[in-house]
Amino acid sequence: MKYIDLIKKYGKDKGENVMWKAAQRISDYLEEVEAAHPDVYWSIIKDTYRDMCGGHYNEEFGKWQISEMSFVDKHGTEHHAPRWTTSQYGNTYLANKGRLPGAYNMWDWAVTLEMMYTDNYCLFKEWWPGASEADLDNKFIQAAVNWLNDKDNPFGDEKVWGYFNH
């Protein structure tokens, strides 16, 4: 028997307390899955979050996704995100919000901006070798706006979530 079949057959009309108890039991078992198979655990957690909240980042998932980003420069030095602070994400998001599709929130923006930085820093330094860090930051911002506005993707207005979590 599948778990969902058990819930459908015996959980229906049992009340919220019974369903919360079942959810707690699964959560407890998932702790064991996390220890043994963290990738499986995080897939379950992210898929459940998406089912409940849609394919957009919140602070917790945004910070986690950003913490996974890094790049190696031409000198072999490894750099890790975040490049910007939460306040800077908020300021640049508000400054560019009118140029973004309406569904994207500040944490979608933060993940996209950090992705542009970690994926393109070496290339941008090559293209604009004399550019200041502030000039490069503006180019990353422009690239992030452009990327989120590119509509020919399989994830629609959940592009950044889908890109990392498909």
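- Interatomic distance, OG1 of T112 versus CD1 of I141, reported as 12.5 Å (0.5 Å rounding).
- Put simply, the side chain of D135 does not reach to within 4.5 Å of the side chain of W128, judged on heavy atoms.
- Once rounded to the nearest 0.5 Å, the distance linking CG of N105 with NZ of K97 reads 9.5 Å.
- For the pair M69 and V111, the minimum side-chain heavy-atom distance is below 4.5 Å.
- Between F124 and F140 the shortest side-chain heavy-atom distance falls below 4.5 Å.
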Exercise for the section: Given side chain to side chain donor-acceptor pair (under 3.5 Å), test T92 with W109 step by step and report yes or no. Expected result: CA-CA 9 Å; T92 58; W109 170 254; 2.9 Å; yes
Problem - Residue pair Q88, D137: steps toward the side-chain contact (heavy atoms from CB on, under 4.5 Å) verdict - result: CA-CA 11 Å; Q88 289 170 315; D137 286 352; over 6 Å; no
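- In this structure, CD on E78 lies 4.5 Å from OG on S70, to the nearest 0.5 angstrom.
- Cluster membership check: V72 does not share its hydrophobic cluster with L136, using side-chain heavy-atom separations under 4.5 Å among Ile, Leu, Val, Met, Phe, Trp and Tyr.
- Less than 6.0 angstrom separates the ring centroid of Y117 from the ring centroid of F71.
- Heavy atoms from other residues, nucleotides or ligands lying under 6.0 Å from CD of E133 number more than 12.
- W107 and W64 are members of different hydrophobic clusters when ILVMFWY side chains are connected at heavy-atom separations under 4.5 Å.
- Here K21 pairs with R25 under the side chain to side chain contact (heavy atoms under 4.5 Å, CB included) rule; sequence neighbours left out.
- Summarising the geometry, atom OG1 belonging to T118 is positioned 9.5 Å from atom CD1 belonging to I66; distances are rounded to the nearest 0.5 Å.
- E59 CD to M106 CE: the interatomic distance, rounded to the nearest 0.5 Å, is 7.0 Å.
- Residues L6 and K8 are not in side-chain contact: their nearest non-hydrogen atoms beyond the backbone lie 4.5 Å or more apart.
- Both Y3 and Y41 are assigned to one and the same hydrophobic cluster, defined by single-linkage of ILVMFWY side chains at heavy-atom distances under 4.5 Å.
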List the atom pairs, donor and acceptor, that lie under 3.5 Å between side-chain atoms in residues 32-40 and the rest of the protein, sequence neighbours left out.
none

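- The structure places CG of L148 at 6.0 Å from CG of L100, a figure rounded to the nearest 0.5 Å.
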Return all side-chain donor-acceptor pairs below 3.5 angstrom for residues 151-166, not counting sequence neighbours, or 'none' if the list is empty.
unit_1: N153; atom_1: OD1; unit_2: F155; atom_2: N; d: 2.6
unit_1: N153; atom_1: OD1; unit_2: G156; atom_2: N; d: 3.0
unit_1: N153; atom_1: ND2; unit_2: D150; atom_2: O; d: 3.2
unit_1: E158; atom_1: OE1; unit_2: R50; atom_2: NE; d: 3.3
unit_1: E158; atom_1: OE1; unit_2: R50; atom_2: NH2; d: 2.3
unit_1: E158; atom_1: OE2; unit_2: G55; atom_2: N; d: 3.2
unit_1: K159; atom_1: NZ; unit_2: W147; atom_2: O; d: 2.8
unit_1: N165; atom_1: OD1; unit_2: K46; atom_2: NZ; d: 3.0
unit_1: N165; atom_1: ND2; unit_2: Y57; atom_2: OH; d: 3.1
unit_1: N165; atom_1: ND2; unit_2: W161; atom_2: O; d: 3.0
unit_1: H166; atom_1: ND1; unit_2: G162; atom_2: O; d: 3.1
unit_1: H166; atom_1: ND1; unit_2: Y163; atom_2: O; d: 3.3

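- Pairs engaging residues 9-35 under the ring pair (Phe, Tyr, Trp, His ring centres under 6.0 Å) rule: none recorded [sequence neighbours left out].
- Within the structure, salt bridge (charged side-chain N to carboxylate O under 4.0 Å, His left out) pairs that include any residue of residues 101-119 do not occur (at least two apart or interchain).
- Scored by the side chain to side chain contact (heavy atoms under 4.5 Å, CB included) test, N146 finds no partners at all (sequence neighbours excluded).
- Inter-residue side-chain proximity for I45 and Y49 is flagged as unmet; no heavy-atom pair is nearer than 4.5 Å.
- Although no hydrogens or angles enter the test, the distance criterion places a donor-acceptor pair under 3.5 Å between the side chain of N58 and the main chain of F61.
- Judged by distance alone, the side chain of N120 and the main-chain N or O of M116 form a donor-acceptor pair under 3.5 Å.
- In the hydrophobic clustering of this structure, L123 groups with V145; members are Ile, Leu, Val, Met, Phe, Trp, Tyr whose side-chain heavy atoms approach within less than 4.5 Å, directly or through other members.
- No donor-acceptor distance shorter than 3.5 angstrom exists from the side chain of S27 to the backbone of Q24, with no hydrogens or angles considered.
- Ion pairing of D73 with K125 is absent here, as no side-chain N (NZ or NE/NH1/NH2) approaches a carboxylate O to less than 4.0 Å.
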